[in-house]
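On a predicted model such as this, the values are computed, not experimentally measured, just so you know.
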Amino acid sequence: MVRSGTLILNVAARLLLPLQLLFSLFLLLRGHDEPGGGFIAGLVAAGGFALYLFAYGRRAMHAMLKVSPRDLVGMGLLLGVVSTLPAWWHGDPFFTAQWWTIPVIDFKASTPLIFDIGVYLVVLGSVLTAITALVKTDHEDDAREVPWSR
């Protein structure tokens, strides 16, 4: 996809991406005690990256993200599986929540939070994979000469 060239979209993408990422972190952290969580937070973050993608192109987004969206899906699935293990180690049923207090910062970490972070990464990676595949297909269609356009 070619850069859009519009000043408004470029400035909006640069300003809104950090705000959307901060809001997605708020939704992620709010969700382990209240409604919300990984799914909607992943969608908000993916929306910010999609806006940046449409403004600056696929290469700029990949350079900023520094990791493949498919790798995000794999890391998220791994975290989802890892979140089930502490319950088994304590002899509790599958997916029983475990809580730990981090004394230095007085933060309560939990297995539901680890699971939500996994969901966040899976949603972010899958949405970005789909969007970049569509942009790549659109760019290939633009580069290819269409026989009936002569």
Chemist: For the atom pair NE2 (H62) and CG (L128), what is the distance rounded to the nearest 0.5 Å?
Modeler: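 Here the rounded value is 8.0 Å.
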Chemist: Closest heavy-atom contact between L65 and P69?
Modeler: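 Heavy atoms only, the tightest pair is CD2-CG, 4.4 Å.
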Chemist: Check the hydrophobic clustering (I, L, V, M, F, W, Y; side-chain heavy atoms under 4.5 Å; chains of links allowed) and say if V81 and F115 are grouped together.
Modeler: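 V81 and F115: separate clusters.
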Chemist: If you take all heavy atoms of I131 and A50, which pair is closest and at what distance?
Modeler: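 Shortest heavy-atom contact: CD1-CB, 3.7 Å.
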Chemist: Test question: given the 4.5 Å side-chain rule for I, L, V, M, F, W and Y, name all other residues clustered with V82, or answer none.
Modeler: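 Its cluster partners, ordered by chain and number, are L78.
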Chemist: According to ring-ring contact (aromatic ring centres under 6.0 Å, His included), who are the partners of W88, at least two apart in sequence or on a separate chain?
Modeler: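 By the ring-ring contact (aromatic ring centres under 6.0 Å, His included) rule, W88 matches F94.
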Chemist: List, by chain and then residue number, the residues other than V122 in its hydrophobic cluster (Ile/Leu/Val/Met/Phe/Trp/Tyr, side-chain heavy atoms under 4.5 Å); write none if there are no others.
Modeler: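 Taking Ile, Leu, Val, Met, Phe, Trp and Tyr as members, V122 shares its hydrophobic cluster with V73, L77.
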Chemist: Just do the side chain to side chain contact (heavy atoms under 4.5 Å, CB included) check on Y56 and L9 with the steps written out, would you?
Modeler: CA-CA 9 Å; Y56 293 102; L9 181 61; over 6 Å; no
Chemist: Got a sec, which pairs hit side chain to side chain donor-acceptor pair (under 3.5 Å) with one end in residues 118-129, sequence neighbours left out?
Modeler: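 Sorted pair list: S24-Y120.
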Chemist: For residues 65-86, which residue pairs pass the ring-ring contact (aromatic ring centres under 6.0 Å, His included) check, not counting sequence neighbours?
Modeler: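 ring-ring contact (aromatic ring centres under 6.0 Å, His included) check on residues 65-86 returns no pairs.
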Chemist: Using ring-ring contact (aromatic ring centres under 6.0 Å, His included) as the criterion, list what pairs up with F49, not counting sequence neighbours.
Modeler: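 None.
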Chemist: Once side-chain contact (heavy atoms from CB on, under 4.5 Å) is applied, do any residues pair with V123, and if so which ones, sequence neighbours excluded?
Modeler: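 By the side-chain contact (heavy atoms from CB on, under 4.5 Å) rule, V123 matches F39, L43, V119, V127.
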Chemist: Could you work out, with side-chain contact (heavy atoms from CB on, under 4.5 Å) as the rule, every residue matching I102, not counting sequence neighbours?
Modeler: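 With sequence neighbours excluded, I102 shows a side-chain contact (heavy atoms from CB on, under 4.5 Å) to I105, F107, A109, given in chain and number order.
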Chemist: Does W100 share a hydrophobic cluster with W89, counting links as ILVMFWY side-chain heavy atoms below 4.5 Å and allowing steps through other members?
Modeler: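 Yes.
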Chemist: Measuring from atom CG of D116 to atom CD1 of I40, what distance do you get when rounded to the nearest 0.5 angstrom?
Modeler: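 Reported value, rounded in 0.5 Å steps: 12.5 Å.
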Chemist: State which residues pass side chain to side chain donor-acceptor pair (under 3.5 Å) with Q20; sequence neighbours excluded, sorted by chain then number.
Modeler: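 Testing Q20 for side chain to side chain donor-acceptor pair (under 3.5 Å), a comparison that skips the adjacent residues, returns none.
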Chemist: Hydrophobic clusters here meaning ILVMFWY residues chained together by side-chain heavy-atom distances under 4.5 Å, can you tell me if L53 and M64 are in one?
Modeler: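 L53 clusters together with M64.
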Chemist: Can you name the side-chain contact (heavy atoms from CB on, under 4.5 Å) partners of A87, sequence neighbours left out?
Modeler: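 Once residues adjacent in sequence are excluded, the partners of A87 under the side-chain contact (heavy atoms from CB on, under 4.5 Å) criterion are D92, T96, Q98.
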Chemist: Working to the nearest 0.5 angstrom, can you tell me the gap between L79 CG and T111 OG1?
Modeler: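 It is 12.0 Å, given to the nearest 0.5 Å.
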Chemist: Check for me, please, whether L124 and L25 land in the same ILVMFWY cluster - side-chain distances under 4.5 Å, paths through other members count.
Modeler: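 Yes, one cluster joins them.
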Chemist: With the side chain counted from C-beta on, respond yes when L28 and I117 share a heavy-atom pair under 4.5 Å apart, and no when they do not.
Modeler: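 Touching, per the 4.5 Å side-chain cut-off.
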Chemist: Go through the structure and list residues passing side-chain contact (heavy atoms from CB on, under 4.5 Å) with A130, not counting sequence neighbours.
Modeler: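 So A130 forms no side-chain contact (heavy atoms from CB on, under 4.5 Å) with any residue.
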Chemist: Where does the angle between the aromatic ring planes of F23 and F26 fall among parallel (under 30°), tilted (30 to 60°) and perpendicular (over 60°)?
Modeler: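 The arrangement is parallel - the two ring planes meet at less than 30°.
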Chemist: Which residue pairs pass the side chain to side chain donor-acceptor pair (under 3.5 Å) test when at least one of the two sits in residues 63-84, sequence neighbours left out?
Modeler: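 Residue pairs with at least one partner in residues 63-84: there are none.
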